[in-house]
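Structure first, then comments.
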Amino acid sequence: MNLQLPVYLDNNATTPCDPRVVDAMVPYFTQQFGNAASRNHPFGWAAEEAVDYAREQVAQLINADPKEIIFTSGATEGDNLGIKGVFEMYASKGNHIITMNIEHKAVLDTCKHLEKQGAEVTYLDVKPSGLIDLAELEAAIKPTTILIAIMYANNEIGVIQPIREISAIAKKHGVLLFSDAVQAVGKIPVDVKADGIDIMAFTGHKMYGPKGVGALYVRRKNPRVKVTAQMDGGGHERGMRSGTLNVPGIVGFGKACELARLEMDKDAAHTSRLRDKLEQALLKIEEAYVNGDPAHRLPHVSNISFKYVEGEGLLMGFNKNIALSSGSACTSASLEPSYVLKALGLGDDLAHSSLRFGLSRFTTEEQIDYTIEQITNTVLKLREMSPLWEMYKEGIDLNTIEWAHH
């Protein structure tokens, strides 16, 4: 058994760069190092050509026109540019934005910022499955609604929203649809035309590309969408995003998109098989539960709660040997239980004792076998020390106990 430790199962936070991506990038650091905006010599032309080719690779993955791809520094910038850019550009039409309470912080915090600028934001609740209620969405639309911002798939539970139904509702009411599709693009088929998405943010480092580079898709016709630039200077990227282009990063992002397009089915079959194996084994542990809709979710993600186990202890039990998270990478510095799991109706205890597994095209059978063994042992060991577990096993209903508050 050729098992190298630590095992990495936190691929929703970031993925390793595919070696083929690195190979594509290397020449653009040292030989072809030109600025893509330098139009008057061969170094600039070579850089511009590389960027144009990458733009085609990125566009092809999501069935867009290359002219609809705006390169950014990643999805947080894309979320900001997409949402703030629409809010400013369409201010004369209205100020109402509809989103949901399990969006990534990059969307929620952007909406909070806009509320200070006079936006009215409706935060839809989700059902216990993690899916939004389409009737509630439609009922929330007003004459002043300019944007619906709903993520394609959730970063903690992997639940995929019914984007086509959402876009049909948006179209019917003449409202633009923005989607943060960071976890979905490159993992499942995303087709902006068929899905009816008007603006969409995604990024390289979640699909085996480099960090610090992403894209915003901005629809060019039916309707033609415009966003107000959030960064001024030089008018790069059709005036929507100034700044010297990160040529090596963009080349790597393009290559990662091409590989994702060609290998998506193979990757999905590989990760879902290992994910199902992991889940079936871990659900043999008493009082273990999968969070989120099991049917509508990404192939590589599983979020499991283990009742009567303290989450911090759980992670500390194996975090030297297995890289996992409870919640998203962007909020893991805080000890609050995951707001996504709380939105599904989980209590603090279960939200605190949940683990998110994110598999990748590089995850092996041996790694999954090792993970099953380590987590099973850790949960059983922690429960042996837990008075709550003992009470539960004795048949005491823990909900009826009056705890003394000191």
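Start at 1 with the first residue, then count along the sequence.
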- request: Looking only at non-hydrogen atoms, find the nearest pair between A170 and I148 and report the distance.
  value: CB-CD1, 3.9 Å
- request: Using only heavy-atom distances, determine whether the side chains of Y123 and E103 contain a donor-acceptor pair under 3.5 Å.
  value: no
- request: Give a yes or no on whether K171 atom NZ has more than 12 heavy-atom contacts from other residues, nucleotides or ligands under 6.0 Å away.
  value: yes
Return a table of donor-acceptor pairs under 3.5 angstrom between the side chains of residues 342-349 and protein atoms on other chains or two or more places apart.
from, atom 1, to, atom 2, distance (Å)
K342, NZ, D348, OD1, 2.2

query: Under 4.0 Å between a Lys/Arg side-chain N and an Asp/Glu carboxylate O for R20 and D18?
result: yes
message: Is it true that, when you exclude K67 itself, more than 12 heavy atoms of the residues, nucleotides or ligands shown sit nearer than 6.0 Å to its NZ?
response: no
query: Taking the six-membered ring of Y53, is the NZ or CZ of K255 close enough (under 6.0 Å from the centre) and on axis enough (within 45°)?
result: no
message: Applying ring-ring contact (aromatic ring centres under 6.0 Å, His included) as the test, list every pair that has at least one member in residues 75-102; sequence neighbours left out.
response: none
E49 CD: over 12 foreign heavy atoms closer than 6.0 Å: no
message: Are more than 12 heavy atoms, taken from residues, nucleotides or ligands other than E120, located less than 6.0 Å from that residue's CD atom?
response: yes
task: Compute the ring centroids of Y28 and F33, then answer whether they are less than 6.0 Å apart.
output: no
query: side-chain contact (heavy atoms from CB on, under 4.5 Å) with A281: which residues, sequence neighbours excluded?
result: I372
- request: Looking only at non-hydrogen atoms, find the nearest pair between T363 and H270 and report the distance.
  value: O-NE2, 2.7 Å
query: side-chain contact (heavy atoms from CB on, under 4.5 Å) with M385: which residues, sequence neighbours excluded?
result: L382
query: Do other residues, nucleotides or ligands put more than 12 heavy atoms under 6.0 Å from the CZ atom of F43?
result: no
- prompt: Does any donor atom in the side chain of Q161 or H296 lie under 3.5 Å from an acceptor atom in the other side chain?
  reply: no
- prompt: Hey, are Y392 and E390 close enough side-chain-wise for a donor-acceptor pair under 3.5 Å?
  reply: no
field: side-chain hydrogen bond (donor to acceptor under 3.5 Å, both in side chains) partners for D133, two or more places apart
entry: none
task: Decide, yes or no, whether a salt bridge links R273 with E279 under the criterion of side-chain N to carboxylate O below 4.0 Å.
output: no
Shortest non-hydrogen contact from K320 toward P6: O-CB, 3.5 Å
- request: Apply salt bridge (charged side-chain N to carboxylate O under 4.0 Å, His left out) to the pair R383 and E286, showing each step before the final yes or no.
  value: CA-CA 11 Å; R383 281 184 179 166; E286 269 184 279; 5.6 Å; no
Contacts of Y208 that satisfy side-chain hydrogen bond (donor to acceptor under 3.5 Å, both in side chains) - sequence neighbours left out: none
- prompt: Salt bridge check: are E68 and R238 linked by an N-O gap of less than 4.0 Å?
  reply: no
- prompt: Crowded around K381 NZ? As in, over 12 foreign heavy atoms under 6.0 Å?
  reply: no
